[in-house]
Amino acid sequence: MGKGMLIDLTKCMGCRGCQVACKQWNNLQAVPTEFNAEFTNPPVRSAYTWTTIDFLITEVDGKTVSTFTKQQCMHCEHPACESVCIAAAIKKTKAGPVTIDYDKCIGCRYCQVACPFGVPKYQFDKATPKMQKCTMCADRIEAGMETACAATCPSGAIKFGERADLLKMARERIAKGNGKYIDHIYGEEEAGGTAVLYLSGVPLDLTKLKQGVTEEEVPNFTWKAMRQLPALLGVVGLSSLGLMAYSSRRNAVAAAEEGARSGAGAGKHPSKGGKHHD
Amino acid sequence: MAGLAATFGRGVMTNHWIDYKNSDVIVAVGANPAENHPMAMKWIDRAREERGAKLIVIDPKFNRTAALADIYLPIRPGTDIAFWGGIINYALANEKYFKEYVAAYTNASFLVDPGFKFEDGLFSGATPGPDGQVKYDTKTWQFQKDEKGAFKLDPTFQDPQCVLQLMKKHYARYTPKMVSDTCGMTEADFLKVAELYCSTGRPDKAGNILYAMGITQSSHGSQNVRSIAITQLLLGNIGIAGGGVNAQRGESNVQGSTDMAMLFGNLPGYLPYPTAGAHPTLAKYNETTPKAGFWTNRPKFLASMLKAWWGAEATKANDFRYEWLPKLDARDHSHMSLFESMAQGELKGLFAWGQNVAVGGPNVDRERKALGKLEWLVAVDLFDTETASFWRRPGVNPADIKTEVFLLPAAASFEKEGTVANSGRWIQYRWKAVEPLGDAKDDLLIADQLYKALRDLYAKDGGVFADPIVKLNWNYGDHPDVAKVALEINGYTSADGKPIPMFSALKDDGTTACGNWIFSGYWADMEKPMAKSRIKEAPGGLGLNPQWSWAWPANRRITYNRPSADPSGKPWDPKRALVSWDGAKWNNADVPDFGWKDAATGAMIPPATSANAPFIMNAEGKGLLFSPSAMKDGPLPEHYEPVESPTTNRLNKRQFNPVATISGKGEFGQLAAVGDTKFPYICTTYRLTEHWQSGAMTRNTPWLGELMPDMFVEISESLAAKIGIKSGDQVTVSTLRGEVTAPAMVSPRMKPVTVHGVVTEVVGMPWHWGYRGMFTGDSANLLTPHVGDANTNIPEYKAFLCNLVKAGATGPVRR
Ligand code: SF4
Ligand code: SF4
Ligand code: SF4
């Protein structure tokens, strides 16, 4: 089995060191933002923001609760994104990461629609846009390093390692935790198993983790779902997918997104340049 | 830091960051480690995971540390002494304190002068000044002595004048009901925390209190610290692994800069700064040397420092050129006072070196105005800061400002080398990672060139009192060599310039030179200085890491470690043994903080000697529950309201700290009256993870700015409902000093407090913004008052009164 990350939400303090480390390692520009009373910023993930800490501040039984959920690609064991990629650009690698080969990616956005977590994002501002997402720092793993976010995390909330070992560690933490954790390792079964795993101390509806994700391997039924797509895209049949005209892509895809986007879907168009305002 | 020195003898974090892993109960009060000291959370988490430690967070808002806490306890800003006084009362009344420890290692049994009194909110010895504030004569706070000059004690603790009885009486007023009404917390919650925390008052448990600016930035900040320090002494939590009073410094090198005399009242190594009136000669200065404790060595430290400064010019015969050392006048030269003088046109020039006063100073609009009274201003910084650009701030016409301003571009920490002393007193060397950009220079080079230019001018043109400058022993090379400066700070023998091993080698005869005695040892080996050492302790230990850098004093990781063992030298808890006596010799995991070995003969000193005086820096040799001389505002902490408060003080008849610094000087003097209905809300300021202090660096870093782009004002859902706004709507917050407009953050993180039966709203705001850089907004310090702590003059940034109204628009406000 490959590498993965165990994100222990009981240890995350919402410092967002991981968010910055990700941008730094992957050379992702800052995007214009404005004050968000929930703190989550940028408010949505995009081609330039592969991971965010999603804040949740609420009250339960008169007590304030505030949680921080690190979100990024889950690196599914059987990725739906890979199974629908017509350009064969997406690969689940032996090492664990699910990567996109930018030389092959044609920016068709099927992966985004297929992904049960809505992860891959589109480069709206590029002439030949590619899909972007967390790579699990595949280049670092290849060099024998841990992921940038795990290396940065001051509290030890992100552990990088063999998925099998992380699962074991997660089970041990639950067993020894004296009720500190809910008895669920998110990602063990979700989407047929993901390389990124989570532990939580509160019921999942008090986190920003996506719920109701099927435990079936998604590729098993992705094609069923994907058959809807051509209609959505205004293209005639499955056979013509490969011929989708680059030129009409923007409009067509924007329409598709409206239909397919979940709560954590693609957001505002990031504009060029790291400078915030003049 | 004043409160720590007045209790234990040194103004330092007693333990160190990694030691948090050894704690059983951790209280973060006026500290928000998850946001302001994130690395602390790693070790807090370790304690929780490995020992089941509990984390208690006491703070006006439910911050990101509270999100992870076992218990969150809200508190009204500025009422920490009421809370800790309540804990002290709880521990004493319910006998929850660690009796053997208190008996052996504190001054609980000392008898206080029969004239000592506390009446109508004042301690005995008060003389009122013209502004109604008082000055204390500490005569009646002193301990009784017998004919031979020894302290009179009552080992039975029955004498009403003994410290323990005086404390019981003093804190009896701090009942759970009083705490609850004053601090705005429920009695049940207070008692829950009191019980859990006092569970550490036994040999096998360690309680750790972390504090930061939420404690110190108050008109009684030093007494806030004292109340925490007393609690820790009562519970036997000082000197042990996992215990301590852990002052988390606000910047990476605050410890180092105060060690090196950043504060106006100190010479390097906390030697008191001489004043012209009282200490005209070295002999006069040395007359003030303490008669007992480690400070009896002070003359050696000063002589060696003068020798380092003036080299061959300084001899025993000429008192080491003591007359060349600038002396203080009797005035206060701390931040607020300087700006008040500046506003009066009394200052000619200012170096703002890595300081962004135009964002960070209290009542900041008036401080910005005061900058315009200068003839010249030199800002040394990485970016064009609000201070460097004060002359073109919004609303002013640059042509009206005559100040000549220079901005010297400085190198960032990764672009220069040298040492930084962290909160835990570790002096760690940092190597240069990259070359500075553009014309930026490292601070050492800037200081070196500045000095050389001044020296040459004095040499050429002469001037008043030129000798101290022209003849300064300043020789670190063309591009100054960090190692040469470090050697001077460490100290060397005058004859051969070889480093001395430790401050015990220092002499007052001119044979040694030393820039800062407390650093002696960090650079004792020129080839392999300890400051560069990076050897990790084997896993499984207490995390002392004795070979990872060097900690002052004497590479000691946990200060005051004698009390970690009982009087016979047996560790109270064998699992956290720091020093232990096996009947014949001491076995030490840490460097002992007491006389354990005769320096001359090498013979072991048996435990009975040190048991009697385990706090070597104090003349009494004990931990000072009752502090007779060092505090300007009382030997025991007493609750006073913040200077601006919504309520009257119910614990005594004085409203606010009678010794606090209250700015009386016209334009800085605006203060709201008690319970002023025009300013019905309590306001408090704080910092965020995403920004650093005045934001000079972080508001110029796009990746950080995108996380927290805009200033905001945090309020409760009830206040939002009352004025009819929701998150994102702009509000205007005002005080008598100024106003701030920013979008509101409405959330259950902020809740009103019930103060003596009245529900009072609390308004919170971060203070990182200003008008320069990539991310701009109003500065919270437009609102803060010019009042400060009685001992340190730290401004009261954390508790004042404000009003808040709907501003009408929505979204960010950028300046
Ligand atoms: S989370 Fe989505 S993008 Fe990531 S591997 Fe799974 S299907 Fe692909
Ligand atoms: S694994 Fe790498 S790419 Fe993915 S979120 Fe972490 S830092 Fe970013
Ligand atoms: S770096 Fe770690 S603690 Fe900080 S937000 Fe990311 S996961 Fe949480």
If you tally heavy-atom pairs under 4.5 Å between each of B:Leu68, B:Ile44, B:Thr689 and chain A, the highest tally belongs to B:Leu68
Max heavy-atom pairs within cutoff under 4.5 Å with chain A, candidates B:Pro748, B:Pro812, B:Pro38, goes to B:Pro748
The interface call for A:Thr52 against chain B, heavy-atom contacts under 4.5 Å, is neither
Checking B:Arg392, B:Arg772, B:Arg699 against B:Glu386 for salt bridge (Lys or Arg N to Asp or Glu O under 4.0 Å), the one that qualifies is B:Arg699
Smallest heavy-atom separation, A:Pro97 atom then A:Thr135 atom, equals CB-O, 3.3 Å
Under 4.5 Å to a heavy atom of chain A? For B:Leu704 that would be side chain
Cut-off 4.5 Å, heavy atoms of chain A, and the answer for B:Leu707 is both
Against chain B, residues from residues 167-186 of chain A with at least one heavy atom under 4.5 Å, in numeric order, are A:Arg173
Quiz item: Do we see a donor-acceptor contact under 3.5 Å between the side chains of A:Trp25 and A:Asp139?
Solution: yes
Between B:Thr732 and B:Thr741, a side-chain donor and acceptor under 3.5 Å = yes
So, the part of A:Thr10 with a heavy atom under 4.5 Å from chain B: the answer is backbone
Scanning both residues in full, the closest heavy-atom pair of B:Trp769 with B:Met711 reads CE2-N, 3.4 Å
Turns out that what part of A:Cys153 lies under 4.5 Å from chain B's heavy atoms comes down to neither
So, the part of A:Phe68 with a heavy atom under 4.5 Å from chain B: the answer is side chain
With no hydrogens and no angle check, just 3.5 Å: does a side-chain donor-acceptor pair link A:Gln123 and A:Tyr48? no
So, the part of B:Ala744 with a heavy atom under 4.5 Å from chain A: the answer is backbone
Chain B shares the most heavy-atom pairs under 4.5 Å, among A:Lys63, A:Glu59, A:Glu38, A:Lys23, with A:Lys23
*Which class fits the ring pair B:His691 and B:His768: parallel under 30°, tilted 30 to 60°, perpendicular over 60°?*
tilted
Okay, A:Ile53 and chain B: the region with an atom under 4.5 Å from a heavy atom over there is neither
Do NZ/NE/NH1/NH2 and the carboxylate oxygens of B:Glu35 and B:Arg64 come within less than 4.0 Å?
-> yes
Would you call B:Lys751 and B:Glu717 a salt bridge, taking side-chain N to carboxylate O under 4.0 Å as the test?
no
Review point. Any ion pair linking B:Asp778 and B:Arg815 (charged N to carboxylate O, less than 4.0 Å)?
Key: yes
Answer key: most heavy-atom pairs under 4.5 Å with chain B among A:Gly17, A:Ser66, A:Ala157 is A:Ser66
Under a plain distance cut-off of 3.5 Å, with no hydrogens placed, do B:Ser716 and B:Glu761 share a side-chain donor-acceptor pair?
yes
Across all chains, not counting sequence neighbours, the salt bridge (Lys or Arg N to Asp or Glu O under 4.0 Å) partners of B:Asp24 are B:Arg51, B:Arg576
